[in-house]
Amino acid sequence: MVWPMQNDSPHLGRDSTGEEREAVNSQAEHRRRHEHSAQIRSNEHSNFDPIQRRKTSSKNSWGKTQGTTPARPGTPSIIFRVDTSTNPSLEITPNDVATATRLEALGFTSDTLEDRITAFQQSRALPVTGVLDAHTWKTLIEAGFRLGDRLLYIRHPFMRGEDIATLQNKLGSLGFDAGRVDGIFGPETSKALKEFQRNTGLPVDGICGPTTVEELSRVFGRSETNVHSVRELELIRTQTRSLSELSVAVIHQGFLDASAELIRTTLASNGAHVQTSMHPDPSKLASLCNAQQADVCIHIEEQPGKTEIRYYEGFSYSSSSGLLLAKLISKHMKAPECDLRVDVVGMNVPVLRETKMTAVSISIQDASFWVLHTLRTAKAIRAALEEWTSSDFRHHI
């Protein structure tokens, strides 16, 4: 017996009756409602992994999947969003409960909230103010992640957190160059992770899940040397460029246009290729600097109460080339012809953390310094870069 085919169209053949048309219309409407429902189909799974496009599994077997990672018990669930697009140094005064909860979870239990914030800033190489500014809050959120808490993979915007810094440190100590240890999961980290997976027989998917974390723990040694630091120094030793061949970015966050221009002309008079950039948001300023693909970044700023030259330091890592350049600038600023006293300090701030080249930040306590001493500072920077690129200096690194 052959059953007649159903037709969802309301325009049936000439032999159809009005009752048949009404019944068919009712069936079609029922199917349309059913198709728009949120029911799980037979080929779907309630724990379907959208990253790897397969059902997750936590079994420890060859060729196993990464699986999903449950939230760590005790992780604060309070979410506090702050718009810092117009004022990166925005002070955050409300929601002290969220701040105290996160600090306590990290082991900061001083009597006052200000003391806890101060201790946290000191532990993370942040500017020590005792004030929960936007950068401290973001760093506090990132500090809540431990390796294994979540799947790590490349996406846009890039994932950030201390779990990523731990991954970068482990990969770097094993000889897989994940780039500067900055807690940002970018292309270099993804490439190093895939190389590690390829060398250990894991699926090469660039996703750090429980399986990869387990394998990292199994093979991780105790070397404190990160391969990226070694390569930074090796690049300085083997470079053949002089100051006239360097590409330098001079950047600031506003109100220092004249000082930046004077530094630019001083370096350019010796043949260096120099560009200046300004933006109030330090992260966007770092992006502008990266877009220039400069060899060196010189950041200048007015910072009340501080007179120091900063290089990148954070997550148990410091930039070898940045430290060397900061020391050279400090030495030439202290020389008799300049006679300016500044300290060299490692710091984890966006303009140093997010730039990809050798970078230093000259942070001076008041604007009058830049009015009176920009020319001497510019000459010290020029002398430092000339020494930094000299063959005598390279051979003694």
Side-chain angles (χ1 to χ4, degrees), residues 84-85 88-89 125-127 134-135 138 156-158 160 179-189 228 231-232 235-236 239 241 243-268 271-303 308-314 317-326 328-329 345-364 370 374 377-378 381-382 384-385 388-389:
T84 62
S85 58
S89 61
L126 302 175
H135 180 48
K138 291 177 182 177
H156 295 278
F158 297 145
R160 296 170 177 245
R180 179 185 295 176
V181 180
D182 54 12
I184 303 172
F185 199 107
E188 289 179 299
T189 304
H228 190 71
R231 289 182 175 177
E232 274 191 346
L235 180 61
I236 298 175
Q239 67 182 351
R241 292 170 296 183
L243 176 58
S244 62
E245 297 173 295
L246 279 183
S247 173
V248 183
V250 179
I251 61 176
H252 64 99
Q253 291 166 243
F255 308 108
L256 292 175
D257 299 85
S259 297
E261 180 61 20
L262 185 53
I263 294 172
R264 187 195 70 79
T265 55
T266 302
L267 296 177
H273 307 279
V274 188
Q275 295 186 54
T276 61
S277 299
M278 187 281 290
H279 199 285
D281 185 332
S283 292
K284 292 182 179 178
L285 190 59
S287 297
L288 289 172
C289 193
N290 292 333
Q292 295 178 20
Q293 297 183 333
D295 302 308
V296 178
C297 170
I298 306 293
H299 173 250
I300 59 175
E301 69 173 351
E302 174 194 349
Q303 185 73 27
E308 54 195 22
I309 301 176
R310 301 169 174 176
Y311 64 95
Y312 175 68
E313 182 176 73
Y317 173 92
S318 63
S319 170
S320 301
S321 61
L323 173 59
L324 283 174
L325 183 57
L328 286 175
I329 295 175
V345 180
M347 196 71 69
N348 181 8
V349 292
V351 77
L352 297 175
R353 176 188 179 186
E354 298 175 25
T355 44
K356 299 302 181 184
M357 66 292 296
T358 300
V360 296
S361 177
I362 304 176
S363 182
I364 306 300
W370 291 111
T374 295
T377 303
I381 294 172
R382 181 181 63 189
L385 288 173
W388 192 62
T389 55

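Since the structure is predicted, the reported quantities are computational estimates derived from the model, not experimental observations.
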dist Thr266:OG1 -> Leu385:CG (nearest 0.5 Å) comes out at 11.5 Å

Heavy-atom pair with the smallest gap, counting every atom of Trp388 and Ser321 = NE1-O, 4.2 Å

All heavy atoms of Ala125 vs all of Gly346, minimum pair found to be CB-O, 4.3 Å

One should read off an interatomic distance between Asp295 CG and Thr389 OG1, to the nearest 0.5 angstrom, of 10.5 Å

Any idea which heavy atoms bring Ala286 and Glu354 closest together, and the distance?
-> CB-CB, 3.8 Å

Applying side chain to side chain contact (heavy atoms under 4.5 Å, CB included), run through Ile381 and Ile298 and close with a yes or a no.
-> CA-CA 9 Å; Ile381 294 172; Ile298 306 293; 4.0 Å; yes

Do Val250 and Gln275 pass the side chain to side chain contact (heavy atoms under 4.5 Å, CB included) test, and can you show the C-alpha distance, the side-chain angles, and the key distance before you say yes or no?
-> CA-CA 6 Å; Val250 179; Gln275 295 186 54; over 6 Å; no

In terms of heavy-atom contacts, Ser361 and His299 come closest through OG-ND1, 2.7 Å

In this structure, CD1 of Ile263 is separated from OG1 of Thr276 (nearest 0.5 Å) by 10.5 Å

Side chains of Glu301 and Arg310: does their closest heavy-atom pair fall under 4.5 Å?
-> yes

Can we say Glu313 and Arg353 salt-bridge, meaning some charged N sits less than 4.0 Å from an Asp/Glu carboxylate O?
-> no

Side chains of Met357 and Asn290: does their closest heavy-atom pair fall under 4.5 Å?
-> yes

When rounded to the nearest 0.5 angstrom, what distance separates CD1 in Ile362 from CD in Gln303?
-> 14.0 Å

Quick check: does any side chain N or O of Ser318 sit under 3.5 Å from a backbone N or O of Gly314, one acting as donor and the other as acceptor?
-> no

Supply the atom-to-atom distance Asn348 CG to Asp182 CG, rounded to the nearest 0.5 angstrom.
-> 9.0 Å

Between Trp370 and Ser259, what is the shortest heavy-atom contact and its length?
-> CB-OG, 3.4 Å

Nearest heavy-atom pair of Gln293 and Ser247: which atoms, and what distance?
-> O-OG, 4.4 Å

If you round to the nearest 0.5 Å, how far is OG of Ser244 from CG of Leu267?
-> 12.0 Å

Can Ser277 and Gln292 be counted as having a side-chain donor-acceptor contact under 3.5 angstrom?
-> yes

Find out whether Leu246 and His273 are in side-chain contact, i.e. whether some heavy atom of one side chain is under 4.5 Å from a heavy atom of the other.
-> no

Going by heavy atoms in the side chains, are Leu285 and Gln253 under 4.5 Å from each other?
-> yes

Validation row: Pro127, Val349 side chains within 4.5 angstrom (heavy atoms) = yes

Geometric cation-pi criterion Arg180 and Tyr312, 6.0 Å radius, 45° cone = yes

4.5 Å side-chain heavy-atom contact, His279 and Ile251 = no

